[in-house]
> 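Below: one structure in structure tokens.
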Amino acid sequence: MTIAPKYDPSIVEEKWYSFWLEKKYFHSEPDNRKAYTIVIPPPNVTGVLHMGHMLNNTIQDVLIRRARMLGFNACWVPGTDHASISTEAKVVAMLKERGIDKRDLSRDEYLKYAWEWKEKYGGIILTQLRKLGASCDWDRTAFTMDDIRYESVIRVFVDLYNKGLIYRGVRMVNWDPKALTAVSDEEVIYKESHGKLYYLRYYLDSEISDNSENSGIKKNEKGQYIVVATTRPETILGDTAVCVHPEDPRYTSLKGHSVVIPGVGRAVKIIMDEYVDREFGTGALKITPAHDINDYNLGLKYNLETIDIFNDNGTLNEHGLQYAGMDRFACRKQIVKDLEEAGLIEKIEDYTNNVGHSERTDAVIEPKLSAQWFMRMSDVAKKALEVVEDDTIQFHPAKFKNTYRHWLENIKDWCISRQLWWGHRIPAYYYEVDGKSEVVVAATRDEAYRLACEKHPGAVKNADDLHQDEDVLDTWFSSWLWPISLFDGIRNPDNEEIKYYYPTDTLITAPDIIFFWVARMIMAGEEYRHEVPFHHVYFTGIVRDKLGRKMSKSLGNSPDPIMLIDKYGADGVRMGMLLTAPAGNDIPFDESICEQGRNFSNKIWNALRLIKGWEVSEGTDQSNKSNKSDKSTQSDKSDKSDKSPQSDTLYNNNVSVQWMEMRMAQVLEEIEKDFNEFRLSEALMKSYKLVWDDFCSWYLEMIKPAYGTPIDRETYEATIGIFDRLMRILHPFMPFVTEEIWHALAERPEGASIMLQHMPHSVFYDQRMLDDFEMAREIIAGVRNLRNSKGLSPKEVLDLYIKGNCPAMFNGIICKLGNVGKIESVTDKVEGALSFMVGTTECFVPVSLNIDKEAELKKLNEELKYAEGFLATVMKKLSNEKFVNGAPEKVVAVERQKKADAESKIAALKAQIEALG
RNA sequence: GAUCUGUUAGCUCAGUUGGUUUAGAGCGCUUGCUUGACAGGCAAGAGGUCAACAGUUCAAAUCUGUUACAGAUCACCA
């Protein structure tokens, strides 16, 4: 049988993924096992797979595969969200390509195109996830706008409206002039931008006498004026007042006067309010109630006129005078030019401030007054905070609790309406009564009609006369129901599935949507299930490039994940991503870590090749295989005789198997702990080392038969069994290569899969034996080091004399791996031999070549210096009376042992130095 | 500006209620290997005054305070 020397993931991955799909091994139905549920953070339909998805979904797959192997009924539900704003942009672009203008379409016609687009491109990410090995229950694939989810959203809206938690009102909202919709506070990203601060001259409409020295009133040939600083000179068109601080001596004389808006000619009142910061600019503030939230509030307080100067798309409307029709930024340029020419600008300074941008379109947000729907947050926020504070929901890492708390304690009402067509249309219906608009909210038009008739009998003739709200709901208003609506828990709160799968177990997501999504899911869970939606939230980091920059399309610094998979295999990429990704830490991504993953697959592959290449001998003589190995300890070196186990292969193999079993149990214990604490990268690293270091580098070398000789069946079987379990441990991380190896290790029944096997559990292990092996390992390393540093050939057989404690159990293994001819215990040091120490044990290796005395002395003196330094730190403690009396007995005893060991080591080193010198 | 979190080897990170032979891992680096599984490999090795200072303690990478730097979240004054 020949196996290719290099592992080729491409064929293997294709093969096993189809196998899993065909057997429906990812599918889950409620049964009598405990459920372990994960709902995917729905990627939006406009996206393609990026590195963030790779990380996020790899983690989900690891957790779900592990849960499945631990005996849970694991269910990972995939899906996508409709992303109203982003999709709108895509669909409009598609229409444009076909020569269609959105404005020429009716709502229904437009939606037909939108669905067409969604059907065609909306599933790309989910398809790509299959290449990653994601074990999602694809039969459950959901979409935020499919029937169940759509209806759930509408019902929730109606319910919250009836509970008084949803209201409609005219407020200052964040307007996205590109998407032509309002967005929520969370969808505004403030970016530092370099602008100008313009100092404008507002002339007084009438002369006043103010002779005070520090008056803010200036004068030139055209008259008296005050200076107002602004970053947005175009908004003067909407000014309806100028405000100064009532206690600002510069402006006290202005009380009751008016000033003229430069270039506009309209006179506006001077108002006095403490809101103004006297230190900033000139201490005089122009008030534009229609375009600034603070100005708006002042407008309400002083009953100012509100002049909206913008159209929805950011151009100026009829209030923009000669600038009407211009874009707001073009207008700014022009108005500055005009004012300058008119001598109305005092000065212009460079200025840096933060400007809000739309998260989706990057357009500069325009504060705008408009009628929108809002959800009251204060009560739901309180509950959502509680369950995180008391750890009913645990965040990993926990530091995100702070961020979460801060947001919830300062929460504002959520603007949930969007002026778009693609989405869940708000179920509010309007009609007129005596010229006044009335509204009813109901899940269906018929129901709305019934309500309207009840409220105002005779006002509406038939259902078709009701006018439904044109707006749709924020996409997050559907995502926040995801853990519930996926199992139809809104429409059918008592159905089997919701009761079985909810609450879900772990949510894996990026920290940047902690408010958008995590917090709101918790609110929805409390509101509709009176139960949290998940018990753990695992926050991943952000994938960055080597230079620490975020990966983005515009920078072009993001590798194509599918290309990476083609190059390194899905297992390799999965491992690469996870190795450097402790929870919440950013990942400086470098392709080379995927290479490490690929190399690991290859290493496992080659271990298989080795084992499969062995000839197995039947019916071996078992004479030397008594159970003495179990009792083998340091003390039994005396019963070593001519029949020593040093050359007894069966004995050595038996010891090796025992050691490997215990080592595996020990590491499993640590891995289990890591998983409980969501330390996935640690768990992976430990698994990696268990396979590569302990299994490949040590265990396989220990039992490897000499060339051309067979291995005994018992050891062979044990090795297959160990390999089998190692693959199971690794399977959640590297599903493909482990499935392939697992099948190659033994004949499996038709349809068998590693993904359905039980995860090995830690069992009892003998720490003493593991410690003894550590010592043997150090002795082997010592011998190898001697060869290396002295230029001795690995082929030259050396003898080893040991003075001091040394467990004999591993002597045969030391001989094999160190190429040692014999090991003898001595009571005196051996003359003319090279030496090294392991702990307090001295090892001597006689060699034929001349010993470089000087080099030896140098090495010994360095060791001596270290040992003496060490002893000094120990003595410092022991000579401190307070330590000896104050520290626990155990700690003092350890220090005493350290002292004794150090002293014996120093003595041995000194003796060796003396012998040389 | 406010709050929070960090700072440990060249890089990325562990280090759990202070004490376990004067700090661990992976990668990288250095040296030597055509070793009958694997150069996508093997063996060995070097590398850190735990950001700085002060304090608490018998004992500090670990607890407290100050400073410096970095990051995150929120807010934002024209």
Side-chain angles (χ1 to χ4, degrees), chain A residues 3 5-7 190 197-198 228-232 235 243 275-277 279-288 292 294-295 351 353-354 397 399-407 410 511-512 514-515 546 568 572 579-582 584-588 590 592-593 595-596 598-614 673 677 679 681-682 685-686 688-689 696-697 700-701 704 707-708 781 784-789 791 794-795 839-840 866-867 869-874 876-877 880-888 890-892 894-895 897-899 901-902 905:
Chain A
I3 311 176
K6 290 216 159 115
Y7 173 67
Y190 286 91
L197 192 55
Y198 304 89
V228 176
T230 180
T231 53
R232 299 197 61 191
T235 61
C243 187
Y275 167 74
V276 176
D277 176 0
E279 306 301 315
F280 191 90
T282 61
L285 170 65
K286 65 192 248 349
I287 305 296
T288 323
D292 181 285
N294 298 304
D295 291 9
Y351 186 69
N353 65 343
N354 284 329
K399 64 177 177 184
F400 286 108
K401 263 171 103 165
N402 290 320
T403 307
Y404 182 82
R405 180 188 313 115
H406 186 263
W407 187 71
N410 297 283
D512 51 349
I514 184 169
F515 313 131
K546 265 192 268 188
Y568 300 105
L579 265 184
T580 47
N585 274 21
D586 285 0
I587 300 161
D590 186 335
S592 67
I593 56 177
E595 198 180 331
Q596 194 186 344
R598 180 199 61 180
N599 294 352
F600 185 41
S601 300
N602 196 52
K603 183 71 186 179
I604 300 168
W605 182 252
N606 275 289
L608 174 75
R609 285 181 70 212
L610 173 67
I611 293 167
K612 282 286 152 179
W614 286 338
K673 205 171 163 222
E677 293 165 11
R679 295 146 63 110
S681 58
E682 290 267 313
M685 180 53 78
K686 280 168 189 160
Y688 172 80
K689 288 170 67 178
C696 294
S697 298
L700 289 180
E701 293 299 331
K704 191 185 202 172
Y707 183 65
R784 286 170 172 175
N785 187 11
L786 276 189
R787 290 182 192 278
N788 235 308
S789 56
K795 285 173 187 151
T840 55
Y866 178 90
F870 177 69
L871 181 62
T873 65
V874 176
K876 205 176 131 196
K877 286 189 195 173
N880 183 337
E881 225 174 281
K882 283 182 186 168
F883 171 73
V884 179
N885 297 330
K890 240 176 150 180
V891 175
V892 178
V894 168
E895 291 303 316
Q897 185 61 48
K898 282 190 199 171
K899 175 176 176 257
D901 287 351
K905 186 162 188 172

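Note on naming: letters A, B, ... go to the chains in the order of the sequence lines (proteins, then strands), and numbering restarts at 1 for each one. All values derive from a computational prediction rather than experimental measurement. No hydrogens, no waters, no symmetry mates; every other heavy atom, side chains included, goes into these values.
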> So A:Lys877, base contact, sugar-phosphate only, or nothing? Heavy-atom distance under 4.0 Å.
nothing
> Using the C1' atom as the point on both nucleotides, what is the distance between B:C58 and B:G15, in whole Å?
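Pairwise C1' distance, B:G15 against B:C58, rounds to 23 Å.
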> Looking for any heavy atom pair under 4.0 Å, which part of the strands does A:Gln596 touch: base, sugar-phosphate only, or nothing?
sugar-phosphate
> Regarding A:Pro588, tell me which of base, sugar-phosphate or nothing describes its non-hydrogen contacts under 4.0 Å with the strands shown.
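Sugar-phosphate contact only - A:Pro588 comes under 4.0 Å of backbone atoms but never of a base.
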> Suppose you measure atom C1' in B:G10 against the same atom in B:A72; what distance do you get, rounded to whole Å?
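Approximately 27 Å lies between the C1' atom of B:G10 and that of B:A72.
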> Counting the atoms with a prime plus P, OP1 and OP2 as sugar-phosphate, which does A:Asn294 contact under 4.0 Å by heavy atoms, base, sugar-phosphate, or nothing?
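Sugar-phosphate only.
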> Can you check salt bridge (Lys or Arg N to Asp or Glu O under 4.0 Å) on A:Glu895 and A:Lys899, steps first, answer last?
CA-CA 6 Å; A:Glu895 291 303 316; A:Lys899 175 176 176 257; over 6 Å; no
> For the P atoms, the ones on B:A23 and on B:U34, what distance do you get once it is rounded to whole angstrom?
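About 37 Å, rounded to a whole number of Å.
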> Taking the side chain as everything from C-beta on, heavy atoms only, tell me whether A:Val891 gets closer than 4.5 Å to A:Phe883.
yes
> Name the nucleic acid region contacted by A:Asn788, choosing base, sugar-phosphate or nothing; use a 4.0 angstrom heavy-atom cut-off, strictly under.
base
> If we only count heavy atoms from C-beta on, is the A:Thr873 to A:Lys877 side-chain gap below 4.5 Å?
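SC-SC contact between A:Thr873 and A:Lys877 ruled out.
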> Scan A:Phe515 against the nucleic acid and name what it touches under 4.0 Å (heavy atoms): base, sugar-phosphate only, or nothing.
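The answer is sugar-phosphate, as A:Phe515 gets under 4.0 Å only of primed atoms, P, OP1 or OP2.
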> If B:G40 has a Watson-Crick or G-U wobble mate with both distances under 3.5 Å, name it; if not, just say none.
none
> How about A:Thr231 and A:Tyr198: do any of their side-chain heavy atoms sit closer than 4.5 Å?
no
> What interatomic distance, in whole Å, is found between C1' of B:U62 and the corresponding atom of B:A14?
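It works out to 14 Å between them.
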> Write down the distance separating the P atoms in B:G48 and B:U5, rounded off to the nearest Å.
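Comparing P positions in B:G48 and B:U5 gives a spacing of 32 Å.
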> Pick the closest RNA chain B nucleotide for A:Lys704 and for A:Lys882 by heavy atoms, then say which residue is nearer the 5' end.
A:Lys704
> Identify whether any heavy atom of A:Asp586 sits under 4.0 Å from a base atom; if not, whether one sits that close to sugar-phosphate; answer base, sugar-phosphate or nothing.
sugar-phosphate
> Remember a base hit wins even if backbone is also touched, and classify A:Asn880 as base, sugar-phosphate or nothing at under 4.0 Å, heavy atoms.
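Here A:Asn880 touches the backbone only, sparing every base.
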> Using the C1' atom on both, measure B:U57 against B:C13 and round to a whole Å.
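My reading of the C1' atoms in B:U57 and B:C13 gives 30 Å.
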> Let me know, please, whether A:Lys6 or A:Ala887 comes out on the 5' side of the other along RNA chain B by nearest nucleotide.
A:Ala887
> Under 4.0 Å between any heavy atoms, over every strand shown, what does A:Asp277 touch: base, sugar-phosphate, or nothing? Just pick one.
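Base, at least one base atom sits under 4.0 Å.
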> Under a 3.5 Å limit for both distances, which nucleotide forms a Watson-Crick or G-U wobble pair with B:C77, could you say?
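Matched B:C77 with nothing under the 3.5 Å cut-off.
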> With sugar-phosphate meaning primed atoms plus P, OP1 and OP2, does A:Pro397 contact a base, only sugar-phosphate, or nothing at under 4.0 Å between heavy atoms?
nothing
> Look at the aromatic rings of A:Phe515 and A:Trp407 and report parallel, tilted or perpendicular, splitting at 30° and 60°.
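It falls in the parallel class, under 30°.
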> Under 4.0 Å between any heavy atoms, over every strand shown, what does A:Arg598 touch: base, sugar-phosphate, or nothing? Just pick one.
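It contacts base atoms.
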> If you define the side chain from C-beta out and look only at heavy atoms, does anything of A:Arg598 sit under 4.5 Å from A:Tyr7?
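Side chain of A:Arg598 against side chain of A:Tyr7, heavy atoms only: no contact under 4.5 Å found.
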> Determine the interatomic distance between P on B:G1 and the same-named atom on B:G55; round to the nearest Å.
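That atom pair is separated by 30 Å.
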> Could you tell me the Watson-Crick or G-U partner of B:C69, where both distances fall under 3.5 Å? Say none if there is no partner.
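Its partner is B:G6.
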> Taking atom C1' in both B:A43 and B:U35, compute the distance separating them and give it to the nearest angstrom.
10 Å
> Quick one: look up who B:C29 pairs with, Watson-Crick or G-U, both distances under 3.5 Å, and put none if it's unpaired.
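The answer is B:G45, by the H-bond criterion.
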> Does A:Tyr190 reach a base, just sugar-phosphate, or nothing at all? Heavy atoms under 4.0 Å.
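Base contact - A:Tyr190 has a heavy atom under 4.0 Å of at least one base atom.
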> 5' to 3' on RNA chain B, which nucleotides open and close the contacts with chain A (atom under 4.0 Å from a heavy atom)?
B:C4 to B:A78
> Does some side-chain heavy atom of A:Asn402 sit less than 4.5 Å from a side-chain heavy atom of A:Arg405?
yes
> Does A:Cys243 reach a base, just sugar-phosphate, or nothing at all? Heavy atoms under 4.0 Å.
nothing
> Just to be sure I understand the rule, does A:Asp590 reach a base, reach only the sugar-phosphate, or reach nothing, if contact means heavy atoms closer than 4.0 Å?
nothing
> Using only atom types and a distance under 3.5 Å, with no angle test, would you say the side chain of A:Asp292 pairs donor to acceptor with the backbone of A:Asp295?
yes
> Using a 3.5 Å distance criterion without hydrogens, assess whether the side chain of A:Asn606 forms a donor-acceptor pair with backbone atoms of A:Asn602.
yes
